[in-house]
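Counting starts at 1 for both ligands and their atoms, following the listed order.
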Amino acid sequence: MLKVEGLVCRYGRVEAVRDLSIEVHRGELVTLIGANGAGKTTSLKAISGLLAPAAGRIVFDGEDITRASARQVLERGIAHCPEGRRVFPYMSVRENLEMGCFLRRDAAGVAEDMDRLFARFPILHERRNQAAGTLSGGEQQMLAISRALMSRPKLVLFDEPSLGLAPNLVERTFEIIESIRKDGVTVVMVEQNAFAALELSDRSYVLEQGRVTLTGTGRALLDDPYVRQAYLGA
Ligand code: ATP
């Protein structure tokens, strides 16, 4: 479904991603793990059109999206749930959800999806007219996830969804992401919490200095001596 080949991304002279290649099949939950600065966020930004790659190729559903704009990528079915949630703080919860589907023209479908999300996250319904910036961190994460789902994506990119959340909310966030995958949406997730990421994922890529250094099923990487030592504190 998604194929990234030889991706290179630069910020001026800093080469953040060097020759990264990954593949994601329909219905999979794939994670990218790695230390700070390994190039995980940059890779997601390149896929979603927020950043122009210096080299490489990104193909989604058989279409080359390497040079596509963020809007075009969204139109093709990829939604991005960014690091730090990035809700629009002065807009209401409902308006944030509307921002997630600004490209859709099917008003009835949008209303249906909003009702479904409000039923799934009653707290968002309760706070629907409240400014998103006044929500707690966990509530903002639910909103950011819901906003991404409002575009009815085929693939969602999650960047560090557990960051800054209390342990019980971390668990809840991962449950939500797993349920999204069960609903048939393909998921690519960047996560510092390597243990949780590997437990959840079908397959995972280990990134180091902008390159994939190891790949395998979540289970295999959990048992891998190098991963255990470098990422799982074992
Ligand atoms: P983290 O887990 O800390 O978010 P990451 O694996 O997501 O790390 P990136 O955020 O992709 O890593 O950063 C990769 C490299 O690119 C780092 O060395 C970082 O300092 C650099 N970098 C990221 N954004 C910029 C920017 N806007 N300008 C210059 N350098 C940047």
| query | Which atoms of ligand 1 sit under 4.0 Å from any heavy atom of A16? | reply | 14 (C), 15 (C), 16 (O)
| remark: The answer for which part of A35 has a heavy atom under 4.0 Å from ligand 1 is backbone
| request: Give a yes-or-no answer on whether the side chains of E83 and T41 include a donor-acceptor pair shorter than 3.5 Å. | output: yes
| Pick one: which of I78, L51, V190 meets side-chain contact (heavy atoms from CB on, under 4.5 Å) with L44? | V190
| In ligand 1, which numbered atoms sit nearer than 4.0 Å to a non-hydrogen atom of E83? | 4 (O)
| message | Determine whether T186 and V24 satisfy the following criterion, side chain to side chain contact (heavy atoms under 4.5 Å, CB included), listing intermediate values before the conclusion. | response | CA-CA 8 Å; T186 307; V24 180; 3.6 Å; yes
| message | So for G34, does at least one of its heavy atoms come nearer than 4.0 angstrom to any atom of ligand 1? | response | no
| message | Tell me whether ligand 1 is touched by E160 - counting only heavy atoms on the residue side and a distance under 4.0 Å. | response | yes
| request: List the closest protein heavy-atom neighbour of atom 13 (O) of ligand 1: residue, atom name, distance to the nearest 0.1 Å. | output: T42 OG1, 3.8 Å
| message | Go through it in stages, so that I can follow the logic: the residues are L207 and V212, the test is side chain to side chain contact (heavy atoms under 4.5 Å, CB included), and I'd like the CA-CA distance, side-chain angles, deciding distance and then a yes or no. | response | CA-CA 5 Å; L207 263 66; V212 173; 4.1 Å; yes
| Sub-4.0 Å atoms of ligand 1 with respect to non-hydrogen atoms of A38 | 5 (P), 6 (O), 12 (O)
| Does CD in E208 sit with more than 12 non-hydrogen atoms of other residues, nucleotides or ligands closer than 6.0 Å? | yes
| Per-atom contact, atom 31 (C) of ligand 1, protein heavy atoms, under 4.0 angstrom | yes
| message | If the threshold is 4.0 Å, N to carboxylate O, is there a salt bridge linking K3 and D64? | response | no
| message | Strictly less than 4.0 Å: does any protein heavy-atom distance to atom 20 (O) of ligand 1 fall in that range? | response | no
